There are 2 protein chains.
Amino acid sequence: MKQIDVCLTPDLLHLHTTENTIVVVADVFRATSCMVTAFAHGVASIIPVATIDECRVWQERGYLAAAERNARRVDGFELDNSPFTYMDDRIRGANIAMTTTNGTLAITRSRNAVKVLVGSFLNLDAIARYLKTEPYDVLVLCAGWKGRVNLEDTLFAGALVDRLKDGFAMAEDSAIMANRLYCDGKNNLVSYMANASHIRRLQRLGIQKDITYCLQHDLYDVVPVLRGTALVSMAV
Amino acid sequence: MKQIDVCLTPDLLHLHTTENTIVVVADVFRATSCMVTAFAHGVASIIPVATIDECRVWQERGYLAAAERNARRVDGFELDNSPFTYMDDRIRGANIAMTTTNGTLAITRSRNAVKVLVGSFLNLDAIARYLKTEPYDVLVLCAGWKGRVNLEDTLFAGALVDRLKDGFAMAEDSAIMANRLYCDGKNNLVSYMANASHIRRLQRLGIQKDITYCLQHDLYDVVPVLRGTALVSMAV
């Protein structure tokens with residue numbers, strides 16, 4: 001039987017194997033929700049980069065620059081980390097260079113996997129359907145917050161476990177824990193998230209609208225995948 | 001307000017501060033449950049050591065040797081990792097050298113804290129009452145399983161958060177997650193644990209009796225504390 005495993009933060013990635021495995025990276029608030037929204041609105045590719053300076057280099061070559069540091073926009077960049085900025089006609093066909101506090105790092109650290117996919121609640125069903133058709137094990141990599149676990153990415157992991165549990169065995173307790181938390185909160189994720197640390201940080205920035213948006217399930221039928229150094233939308 | 005934080009595995013300890021903090025180490029199946037049981041039955045001290053060989057050195061000096069590796073007893077040692085072996089008159093007043101797969105390592109890695117306490121469901125109330133009287137923040141350090149998170153230690157952390165949440169703020173999402181899992185499962189922890197990975201490992205060893213025992217709350221009014229290199233029972 002195929003296995004589904006959950007890595008609660010990139011700081012625990014050394015304990016997990018990515019061999020023969022498809023990694024699904026989740027940074028629900030807000031990097032991977034932005035990426036999924038961008039592909040649903042026609043972006044051609046997204047290059048995840050580590051630093052603001054790398055982003056600027058790509059910007060000079062005609063890419064749109066997207067960045068967030070500590071949940072704030074960067075001066076001179078076209079895009080920030082609010083998914084609503086990606087619902088714009090000017091991004092259709094564009095290439096984006098994106099750096100975020102946690103999400104892009106998690107993607108670049110997963111390169112050895114069979115495939116690296118970008119997951120969020122917004123494309124949960126598309127991701128689940130795709131994984132069912134593949135012969136590989138699955139590792140959900142939660143981006144977390146500066147190495148620490150966070151509730152929102154864990155809930156996404158638990159939601160994906162829930163969608164896949166008929167065809168996959170849960171490898172370790174992290175998958176069980178994530179799945180139980182999701183089942184506990186799924187009837188009202190917005191209120192379930194209410195006291196979480198990242199929500200408190202985001203609310204200080206006045207972006208409750210983003211939070212509510214990112215917790216919606218199955219809005220978009222896209223599966224972003226890492227090809228070389230760039231994310232593209234897979235035809236599914 | 002004092003803070004309570006939860007470190008889900010020693011592999012994440014680098015993200016947490018132990019400064020001005022009392023660390024409560026939990027290795028519910030079964031090291032810290034054994035330690036608490038031992039002190040409740042009159043043991044004088046327990047030295048946590050890293051290796052089987054160190055245990056043997058202390059054994060030659062008159063200590064009782066206790067060990068477990070991969071949940072199995074070690075040849076030639078008086079005690080193993082079943083709490084029932086510590087309910088014996090011969091251990092009254094004895095000194096024990098103990099090494100376990102995960103628990104003793106977690107204790108030795110916490111030495112920089114203000115105090116290091118040994119927690120389990122068996123002495124949950126005693127630990128909670130003690131922490132309320134102290135001015136320090138609290139970090140619950142889950143011993144986990146070879147670096148990975150496990151359900152039983154996380155549930156203990158969540159139980160302690162539950163007992164302390166009136167007087168302590170939850171520092172980060174790990175405390176919220178542990179607490180919600182505990183609240184989800186507390187009405188029947190034995191069945192809540194049924195599919196967890198460690199339970200599956202332990203059940204192969206035929207020790208359901210130990211599991212049921214270790215999940216009982218508030219049996220003993222003891223607070224083991226690290227003094228130098230040895231654990232002793234604190235007068236509370």
Side-chain angles (χ1 to χ4, degrees), chain A residues 3-17 28-29 102 139 142-158 161 165 169-187 189 191-202, chain B residues 3-17 28-29 102 139 142-158 161 165 169-187 189 191-202:
Chain A
Q3 296 220 319
I4 184 160
D5 195 9
V6 173
C7 180
L8 292 171
T9 139
D11 279 32
L12 294 177
L13 194 55
H14 60 283
L15 301 168
H16 298 262
T17 177
V28 169
F29 298 147
N102 307 288
L139 175 65
C142 300
W145 181 262
K146 299 183 179 177
R148 297 189 63 140
V149 304
N150 70 29
L151 184 53
E152 62 272 20
D153 296 338
T154 305
L155 288 171
F156 168 79
V161 169
K165 67 185 173 189
M170 288 187 243
E172 290 285 341
D173 283 6
S174 49
I176 295 174
M177 287 161 54
N179 186 234
R180 293 205 181 150
L181 285 166
Y182 175 71
C183 292
D184 193 33
K186 68 181 173 187
N187 289 332
L189 282 185
S191 80
Y192 199 72
M193 284 301 306
N195 293 311
S197 58
H198 200 110
I199 290 284
R200 295 195 306 259
R201 279 187 287 267
L202 291 174
Chain B
Q3 296 220 317
I4 182 161
D5 195 7
V6 172
C7 181
L8 292 171
T9 139
D11 279 31
L12 294 176
L13 195 55
H14 59 283
L15 301 168
H16 299 261
T17 177
V28 167
F29 300 146
N102 306 288
L139 175 65
C142 300
W145 181 263
K146 298 182 179 177
R148 299 189 62 140
V149 305
N150 71 29
L151 184 54
E152 63 271 21
D153 296 339
T154 305
L155 288 171
F156 168 80
V161 168
K165 65 185 173 190
M170 288 187 243
E172 290 286 340
D173 283 6
S174 48
I176 294 174
M177 287 162 53
N179 187 235
R180 293 207 179 148
L181 285 167
Y182 176 70
C183 291
D184 192 34
K186 68 182 173 187
N187 289 332
L189 282 185
S191 79
Y192 199 72
M193 285 300 307
N195 293 312
S197 59
H198 200 110
I199 289 284
R200 295 195 305 259
R201 279 188 286 267
L202 291 173

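No experiment lies behind these values; they were computed from the predicted model shown. In the text below, chain A, chain B and the rest are named by the order of the sequence lines, each starting its count at 1.
Of the atoms belonging to D5(B), it is side-chain heavy atoms, and not backbone ones, that fall under 4.5 Å from chain A. Looking at I176(B), the atoms closer than 4.5 Å to chain A (heavy atoms on both sides) all sit in the side chain, from C-beta outward. Only the backbone of A171(A) comes within contact range of chain B, with heavy atoms under 4.5 Å apart.
The minimum heavy-atom distance linking M177(B) with L181(A) is given by the pair O-CD2, 3.7 Å.
By the salt bridge (charged side-chain N to carboxylate O under 4.0 Å, His left out) test, K186(A) is found to be paired with D162(A), residues two or more places apart in sequence or in another chain being considered. L15(A) meets the side chain to side chain contact (heavy atoms under 4.5 Å, CB included) test with L12(A), D11(B), R148(B); sequence neighbours excluded.
T9(B) contributes atom OG1, which lies 12.0 Å from atom CG of D173(A) (distance to the nearest 0.5 angstrom). Expressed to the nearest 0.5 Å, how far CG of L8(A) lies from OG1 of T154(B) amounts to 8.5 Å. In this structure, W145(B) CH2 and E172(A) CD are separated by 9.5 Å, a value rounded to the nearest 0.5 Å.
No donor-acceptor pair under 3.5 Å is formed between the side chain of R180(B) and the backbone N or O of G185(A).
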